[in-house]
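Just below is one structure, and these are the notes that go with it.
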Amino acid sequence: VQLQASGGGSVQAGGSLRLSCAASGLIFSINNMGWYRQVLVKQRELVAVITSGGGTNYTDFVKGRFTISRENAKNTVYLQMNSLKPEDTASYYCNAVRPNYRGSYDYIYGWWGQGTQVTVSS
């Protein structure tokens, strides 16, 4: 499985970016997909999930600002990020996910790819 995130960059607070993640080596359409972010050596945190059926879930700190979507024909998941804040600065990754017993999701594949860096300045 390969997961290639792209679209990151440097923006000022209040700006927008659209991230893309192209997946290969899996049956994309039947997988739930998630976006994660990681700051330096901290643990990756789940940001948003889109199910195989198109349902979406967001962590509280991005609700109303980020929108996750998918295009099965292109095996690609997107993250539209608006009203960006300096605390959104991180490396962003995607992965296939599955529900866990805690009411959240766990990632499936251990190979994350390089991710894409988002830097938001104040």
Note to self: Can you pull out every ring-ring contact (aromatic ring centres under 6.0 Å, His included) where at least one residue sits in residues 7-52? Sequence neighbours excluded, please.
What the structure shows: Tyr36-Trp112

Next item on the list: Sequence neighbours left out, what pairs pass ring-ring contact (aromatic ring centres under 6.0 Å, His included) with at least one residue falling in residues 65-89?
Entry: none

For [X], all residues meeting side chain to side chain contact (heavy atoms under 4.5 Å, CB included), sequence neighbours excluded:
| X | answer |
| --- | --- |
| Asn100 | Arg102, Ser104, Asp106 |
| Thr116 | Ala5, Leu19, Tyr92 |
| Gln38 | Arg44, Tyr93 |
| Glu45 | Arg37, Phe61 |

Could you pull out the closest heavy-atom pair between [X] and [Y], with the gap in Å?
| X | Y | answer |
| --- | --- | --- |
| Cys94 | Leu3 | O-CD1, 3.4 Å |
| Ser121 | Pro86 | C-CG, 4.4 Å |
| Arg65 | Ser83 | NH1-O, 3.0 Å |

When rounded to the nearest 0.5 angstrom, what distance separates [atom1] in [X] from [atom2] in [Y]?
| X | Y | atom1 | atom2 | result |
| --- | --- | --- | --- | --- |
| Asn72 | Met33 | CG | CE | 10.0 Å |
| Leu26 | Tyr109 | CG | OH | 5.0 Å |
| Asn95 | Leu46 | CG | CG | 10.0 Å |

Using a 4.5 Å cut-off on heavy atoms from C-beta on, say whether the side chain of [Y] contacts that of [X].
| X | Y | result |
| --- | --- | --- |
| Leu84 | Leu17 | yes |
| Leu79 | Thr67 | no |
| Ile108 | Val97 | no |
| Val1 | Trp111 | no |
| Gln80 | Ile68 | no |

Determine whether a donor-acceptor pair (N or O, by modelled atom type, separation under 3.5 Å) exists between the side chain of [X] and the backbone of [Y].
| X | Y | value |
| --- | --- | --- |
| Asn57 | Val49 | no |
| Arg70 | Thr51 | yes |
| Thr76 | Lys74 | yes |

Next item on the list: Provide the full list of side chain to side chain donor-acceptor pair (under 3.5 Å) pairs with a residue in residues 16-29, sequence neighbours left out, each pair given once.
Entry: Ser16-Asn82

Checklist line | Of all pairs that satisfy side chain to side chain donor-acceptor pair (under 3.5 Å), the ones with a partner from residues 2-14, not counting sequence neighbours | finding: none

Margin query: Going by disulfide (SG to SG under 2.5 Å), name the pairs with one or both residues in residues 22-92, residues two or more places apart or in two chains.
Written below: none

Notebook entry, point to check: Any disulfide (SG to SG under 2.5 Å) pairs touching residues 30-91, not counting sequence neighbours?
Noted result: none

Check: Would the number of heavy atoms belonging to other residues, nucleotides or ligands and lying under 6.0 Å from OH of Tyr107 be above 12?
Finding: no

Check: Do Asp88 and Lys85 pass the salt bridge (charged side-chain N to carboxylate O under 4.0 Å, His left out) test, and can you show the C-alpha distance, the side-chain angles, and the key distance before you say yes or no?
Finding: CA-CA 5 Å; Asp88 294 319; Lys85 303 176 180 180; over 6 Å; no

Note to self: Can you list everything that forms a salt bridge (charged side-chain N to carboxylate O under 4.0 Å, His left out) with Lys42? Sequence neighbours excluded, please.
What the structure shows: none

Note to self: Please say yes or no: joined through hydrophobic side-chain contacts below 4.5 Å, possibly via intermediate residues, are Tyr105 and Val77 part of one cluster?
What the structure shows: no

Item checked: Sequence neighbours excluded - salt bridge (Lys or Arg N to Asp or Glu O under 4.0 Å) pairs with any residue from residues 5-14 -> none

